[in-house]
Amino acid sequence: MKDRYLDFVNSPFGASVARSIGLPQPEVLRRHALGRAEFGGIAAIGAGPSPTLFEPLIALLTSLGMTSVAHESALGWLPVVAQHGAMSGRFEPRAPGAPANDRVQALIFDATGISDSTQLHALYGFFHDAIRSVAKSGRIVVLGLPPQSCTSPRAWTAQRALEGMTRSLGKEARGGISANLVQVEPGADIEGALRFLLSPRSAYVSGQVVHIDATPSTPPADWDQPLAGKRALVTGAARGIGAAIAQVLADRGAHVIGLDVPQAQDALDQTMLALEDAWPSQGAHTALVADIAAPDAPETIAAALLALGGIDIVVHNAGITRDKTIAKMTEAAWDSVIDVNLSAQERIDDLLLDQNVLHAGGRIIGVSSISGIAGNLGQTNYATSKAGVIGRVQSMAEPLRTRGITINAVAPGFIETQMTARIPLGLREAGRRMNSMSQGGQPVDVAETIAWLASPASAGITGNVVRVCGQSLIGA
Ligand SMILES: NC(=O)c1ccc[n+]([C@@H]2O[C@H](COP(=O)([O-])OP(=O)(O)OC[C@H]3O[C@@H](n4cnc5c(N)ncnc54)[C@H](O)[C@@H]3O)[C@@H](O)[C@H]2O)c1
């Protein structure tokens with residue numbers, strides 16, 4: 001659905017009206033676009049004492065073609081960069097009114113060596129100097145440790161404190177700038193996560209904490225096609241977010257098996273044909289008609305997937321709402337929402353795992369919701385089901401580890417789809433604006449996040465719930 005306010009305030013007339021009467025001015029977010037470079041420009045680097053991630057950071061920035069500038073807090077950066085023959089310079093705080101081309105695309109702070117709250121001062125020094133220098137739709141990434149991996153209470157405390165800092169930066173930065181914290185276990189591979197979080201593909205992901213463990217991951221042969229050779233099941237693929245997931249996974253190289261209910265067959269066929277038209281070299285994708293809540297659905301789906309040779313990625317996107325306050329809700333409305341949004345996924349996964357239809361090294365991604373985190377009036381059934389999706393991720397991550405299978409969830413906030421177009425106008429406007437980006441997300445934002453979690457480079461990311469909500473105030 002069109003956000004007319006966003007268009008208005010980004011017109012010359014609308015911008016001056018908004019400025020003069022103090023209305024919010026959401027930025028048109030920079031998203032991935034064919035033919036436009038994803039990376040480039042300058043990354044400013046800051047650090048606390050004893051940073052541990054300079055080596056992989058340099059390797060990454062060099063491979064992305066970014067030039068780094070070192071803030072005075074990142075004492076060791078320049079010599080290490082020089083050893084690698086990469087481009088770097090010293091960071092100079094931007095003078096007020098300096099031209100926009102002075103701006104940096106990313107601020108990256110290595111906080112992994114911070115082991116005491118007094119050392120958090122280094123964050124103040126860096127961000128105080130640097131935050132005004134970030135370009136619109138720029139990126140802020142703080143790298144820390146998982147607090148629970150710290151042996152001393154002081155280190156745990158200081159590492160936990162990074163969350164408050166990062167989330168506040170996301171709220172202060174404005175201009176479509178995101179801020180995220182990556183908790184990196186010693187030895188973990190940061191490339192996949194940083195490529196996503198520094199790119200326009202993460203346009204609507206802000207205020208998140210991503211945990212990466214030390215599971216070795218295989219970098220894809222081609223970062224533009226990380227899912228080449230993979231087969232992906234996407235439920236609810238006929239329209240909305242599911243259709244966008246199918247498109248992005250196909251764009252990233254996967255063969256997509258799109259599933260939807262019989263009533264949506266025409267729309268599903270169109271979605272799948274559009275994939276073939278857009279990426280003819282991949283050949284036909286597969287449309288699979290089934291109601292995931294039907295008793296025989298797990299067998300039907302498993303048989304269809306086995307006939308294709310098994311599956312590498314499962315995206316549980318199909319979902320329904322039947323909103324009413326609990327006192328007015330019918331039993332059928334409760335049961336159907338819990339069954340479609342949660343129990344059906346459990347039954348399908350159980351069979352796909354029992355019969356090894358999902359290959360070792362596979363990926364399961366559930367679509368939760370910020371309603372599942374915060375609860376929502378009139379959505380006891382929906383919020384219960386979506387909180388259950390988070391519970392699945394948390395409970396299944398460890399048992400699936402032995403098979404190299406990761407399980408994660410995305411929790412969309414307000415996304416512009418037919419589902420949210422049905423919300424009454426006043427509530428819809430509130431849902432759209434009550435986030436750090438002052439706008440709703442697009443289905444593609446959810447899809448890009450799923451494609452990142454599905455990548456072979458994300459082997460160390462499991463048990464995570466990543467909100468795609470523009471840092472919504474709801475459930476924050
Ligand atoms: N739109 C949002 O703002 C938003 C926010 C948070 C979470 N979500 C979640 O994202 C997912 C997609 O949402 P959407 O907005 O695209 O919804 P949508 O209603 O536009 O699409 C859902 C799709 O799932 C299919 N589906 C429903 N029941 C099914 C079943 N039993 N078997 C197979 N397919 C079935 C539908 O036919 C439809 O094609 C849902 O899980 C939803 O709860 C959406």
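One is the number of the first residue; the rest follow in order along the sequence. Remember, it's 1-based here, ligands and their atoms both numbered in the order they're listed. Since this is a predicted model, take the numbers as computed values, not measurements.
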Checklist outcome for this item: Out of I245, T271, I415, the nearest non-hydrogen contact to atom 2 (C) of ligand 1 is supplied by I415
Next on the checklist: Please check whether T420 reaches ligand 1 - meaning an N/O of the residue sits under 3.5 Å from an N/O of the ligand, judged on distance alone.
Outcome noted: no
Checklist entry - For atom 24 (O) of ligand 1, what's the nearest protein heavy atom and its distance? => result G236 CA, 3.4 Å
Checklist outcome for this item: Check: of N317, V315, I241, min heavy-atom distance to atom 11 (C) of ligand 1 comes from N317
Item to check | ligand 1 contact on Q263 by region, counting heavy-atom pairs under 4.0 Å | outcome: neither
Checklist entry - Touching ligand 1 at all, E416? Heavy atoms, strictly under 4.0 Å? => result no
Checklist outcome for this item: Contact region, S368 to ligand 1, non-hydrogen atoms below 4.0 Å, reads backbone
Next on the checklist: I'd like to know whether ligand 1 has A290 as a neighbour, heavy-atom separation below 4.0 Å.
Outcome noted: yes
Checklist entry - Looking only at heavy atoms, which two atoms of I461 and W452 are closest? And how far apart? => result CD1-CZ2, 3.5 Å
Item to check | Side-chain donor-acceptor contact under 3.5 Å, D222 with Q225 | outcome: no
Next on the checklist: With the threshold set at under 4.0 angstrom, would you say G413 reaches ligand 1 through any of its heavy atoms?
Outcome noted: yes
Next on the checklist: Just to check, does D291 reach to within less than 4.0 Å of ligand 1 when the distance is taken from its heavy atoms?
Outcome noted: yes
Checklist entry - Of the protein's non-hydrogen atoms, which lies at the shortest distance from atom 21 (O) of ligand 1, and what is that distance? => result R239 NE, 3.6 Å
Item to check | Geometric cation-pi criterion R322 and W334, 6.0 Å radius, 45° cone | outcome: no
Item to check | Test log, rule side chain to side chain contact (heavy atoms under 4.5 Å, CB included), inputs T406 and S458 | outcome: CA-CA 8 Å; T406 67; S458 299; over 6 Å; no
Item to check | Side-chain H-bond candidate by donor/acceptor type, S206 with R167, under 3.5 Å | outcome: no
Checklist entry - Do you see a donor-acceptor pair shorter than 3.5 Å between the side chains of N317 and T235? => result no
Next on the checklist: Quiz question: by atom type and distance under 3.5 Å, do the side chains of R392 and Q345 form a donor-acceptor pair?
Outcome noted: no
Checklist outcome for this item: for atom 29 (C) of ligand 1, nearest protein heavy atom and its distance come out as V261 CG1, 3.6 Å
Checklist entry - Looking only at protein heavy atoms, which one is nearest to atom 1 (N) of ligand 1, and how far off is it? => result T417 OG1, 2.9 Å
Next on the checklist: With nothing but distance in play, are any N or O atoms of Y382 less than 3.5 Å from an N or O of ligand 1?
Outcome noted: yes
Next on the checklist: Would you say R363 and N408 are linked by a side-chain donor-acceptor pair, where the criterion is simply a distance under 3.5 Å?
Outcome noted: no
Item to check | Under 3.5 Å side-chain donor-acceptor pair for S371 and Q379 | outcome: yes
Checklist entry - Are D349 and H316 linked by a side-chain donor-acceptor pair shorter than 3.5 Å? => result yes
Checklist entry - Looking at atom 36 (C) of ligand 1, what's its closest protein heavy atom, distance included? => result D260 OD1, 3.4 Å
Next on the checklist: Hydrogens and angles aside, do N341 and S385 bring a side-chain donor and acceptor to less than 3.5 Å of each other?
Outcome noted: yes
Item to check | No-hydrogen, no-angle side-chain donor-acceptor test under 3.5 Å, H255 and Q282 | outcome: no
Item to check | N464 versus H211, side-chain donor and acceptor atoms under 3.5 Å | outcome: no
Item to check | Atoms of ligand 1 close to V367 [distance to a heavy atom under 4.0 angstrom, numbered from 1] | outcome: 9 (C), 10 (O), 11 (C)
Checklist outcome for this item: atom 22 (C) of ligand 1: closest protein heavy atom, distance to 0.1 Å, is G319 O, 3.9 Å
Next on the checklist: Quick check: Q418 and ligand 1, any N/O pair under 3.5 Å apart?
Outcome noted: no
Checklist entry - Looking only at distance, does I292 have an N or O less than 3.5 Å from an N or O of ligand 1? => result yes
Next on the checklist: Within ligand 1, which atoms have a heavy atom of G240 less than 4.0 Å away?
Outcome noted: 16 (O)
Next on the checklist: If the test is side-chain contact (heavy atoms from CB on, under 4.5 Å), which one of V410, V367, I450 qualifies with V468?
Outcome noted: V410
Checklist entry - Starting from atom 28 (N) of ligand 1, which protein heavy atom do you reach first, and at what distance in Å? => result I320 CG2, 3.6 Å
Item to check | Identity and distance of the protein heavy atom lying nearest atom 35 (C) of ligand 1 | outcome: A318 CB, 3.6 Å
Checklist entry - Does L259 come within less than 4.0 Å of ligand 1, judged by its heavy atoms? => result yes
